[in-house]
Amino acid sequence: MRFEKISAALDMAGCPNRCRHCWIGHSPNGRLTVDDLKYVAEQFRPFTDCLTIDDWYREPDYQDNYKELWNLCNHLSDTREEHFELISVWRIVRDREYVKWLSSIGLKTAQLTLFGGQKTTDDYTGRKNAYNEILDAIQILLENRISPRIQVFVNKDNIHELSSVEDLIENLHLEERCRSFGGEFSFFLHQGSCDGENENLYDIRVTPEDLQKIPQALVAHTLRYFHKNSLSEIFGETERKLCETLQNDSSTASYVSERPVFFIDKDFNVYPNITSPKPFWLLGNLQTDGINTVLENYIESRSYAQHTRLHVPLGRIVKEKGNDESQRLFTKGDYVIYLLNQYCK
């Protein structure tokens, strides 16, 4: 078994938040060690000439030894990766060395997530004072010449609060302040995929008439970010239309790739990075099953979800789990994953 590239991400410390939109889902935080990270790299190393190791797949840099882990991950990897544009908001407001370090390794843009105003953002983030910490993080980033990029997950529950986000962008003069140091402010909104915790928000998923409620300035930012001409290209089609289109689709599909990405949880269970790491996506456990079994299960599509998608026609899944009266908006790819997870349950 050889792969062109393998990326493996170990959930070493978990996450300080319990976001209601999180596509990965909520699971208990662990506290894995540097030796555990080295162990994971050793397991995957024989199967590729291009290995990338990360110490997180929820909140990056959550652990105190984030500098050591960054250096170690680069040492264990075959390619030196740039720091991903997700950062730890929890850390940036508590550790003033953190932003200096981010700047020193070349980070130019950092993404932050809002859900509306203070109360709604705190509620959706699952942590008190999250909104104020995000505002503090914006200021800290700007002071260190790092451009904030704001993301908003929108649904029927918070779409009426988008004007407060628009006001925030204007009142903080984010576009002008980023330009002052040669940076570029960016913003986008979308409904997110309907898996993990966001699956629980299915009932309040946006429908076509909701798109008219989005302030035009935020529409313009979003279209510019995604390089699209209309919101329908971003939000997709109604579930009813997708059901009509897909119910006679006899195709099946494989999720096996020559460049797979794997999630490894605190207990060393391994999942493909396709959707939320649910039991029906489980490939095995590194410690009890071994790496050969894990990778064979992946290649042979032996997880229940992979096996289902490979052998059950899409139209059958749509007919059994789709809602042909729903006006909720989905992109096709997100809708297929949503129905596949419902089918596998």
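Starting from 1, each residue takes its place in the sequence as its number.
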Close side-chain approach of [X] to [Y], heavy-atom, < 4.5 Å:
X      : Y      : answer
Lys332 : Leu246 : yes
Cys344 : Pro279 : no
Asp122 : Asn132 : no
Leu172 : Leu142 : no
Asn292 : Met1   : yes
Asp334 : Cys194 : no
Phe47  : Pro260 : no
Leu339 : Leu314 : no

Does the [X] side chain pair with the main chain of [Y], one donor and one acceptor, at a distance under 3.5 Å?
X      : Y      : result
Asn285 : Asp267 : yes
Thr121 : Gly116 : yes
Asp54  : Trp56  : no
Gln306 : Tyr255 : no
Asn65  : Glu68  : no
Asp249 : Thr245 : no
Arg179 : Leu174 : no
Glu161 : Gly117 : yes

Self-check item: Test side-chain hydrogen bond (donor to acceptor under 3.5 Å, both in side chains) applied to Thr207 and Lys156, step by step
Solution: CA-CA 8 Å; Thr207 51; Lys156 289 180 177 296; 2.8 Å; yes
Would you say [Y] and [X] are linked by a side-chain donor-acceptor pair, where the criterion is simply a distance under 3.5 Å?
X      : Y      : value
Ser77  : Asn74  : no
Thr33  : Lys38  : no
Asn144 : Ser103 : no
Asp265 : Asn269 : yes
Ser147 : Glu184 : no
Tyr57  : Asn273 : no
Ser276 : Asn341 : no

Between [X] and [Y], which heavy-atom pair has the shortest distance, and what is it?
X      : Y      : result
Val318 : Cys243 : CG1-CA, 3.9 Å
Pro208 : Gln327 : CD-O, 3.2 Å
His83  : Ile87  : CE1-CG2, 4.3 Å
Leu282 : Val270 : CD1-O, 3.6 Å
Phe3   : Thr48  : O-OG1, 2.9 Å
Leu32  : Lys266 : CD2-O, 3.4 Å

Practice problem: From the options Tyr298, Tyr271, Phe268, select the one residue that forms a ring-ring contact (aromatic ring centres under 6.0 Å, His included) with Phe262. | Solution: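 Passing option: Tyr298.
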Quiz item: Do Gln342 and Glu199 pass the side-chain hydrogen bond (donor to acceptor under 3.5 Å, both in side chains) test, and can you show the C-alpha distance, the side-chain angles, and the key distance before you say yes or no?
Solution: CA-CA 10 Å; Gln342 301 309 303; Glu199 182 182 299; 3.2 Å; yes
Practice problem: Go through Trp281 and Phe263 one step at a time and tell me if the ring pair (Phe, Tyr, Trp, His ring centres under 6.0 Å) criterion holds. | Solution: CA-CA 11 Å; Trp281 288 96; Phe263 286 163; over 10 Å; no
Under 30°, 30 to 60°, or over 60°: which ring-plane class applies to [X] and [Y], parallel, tilted or perpendicular?
X      : Y      : answer
Tyr98  : Trp101 : parallel
Tyr62  : Trp90  : perpendicular
Tyr335 : Phe330 : tilted

Quiz item: Under the criterion side-chain contact (heavy atoms from CB on, under 4.5 Å), which of Val152, Val154, Asn198 is the partner of His21?
Solution: Asn198
Quiz item: Does Phe115 sit in a hydrophobic cluster with other residues, and if so which ones, taking ILVMFWY side chains as linked at heavy-atom separations under 4.5 Å, directly or through other members?
Solution: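 Taking Ile, Leu, Val, Met, Phe, Trp and Tyr as members, Phe115 shares its hydrophobic cluster with Tyr124, Phe153, Leu201, Ile204.
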Self-check item: Sequence-distant partners of Arg31, side chain to side chain contact (heavy atoms under 4.5 Å, CB included), two or more places apart
Solution: Ala13, Gln63
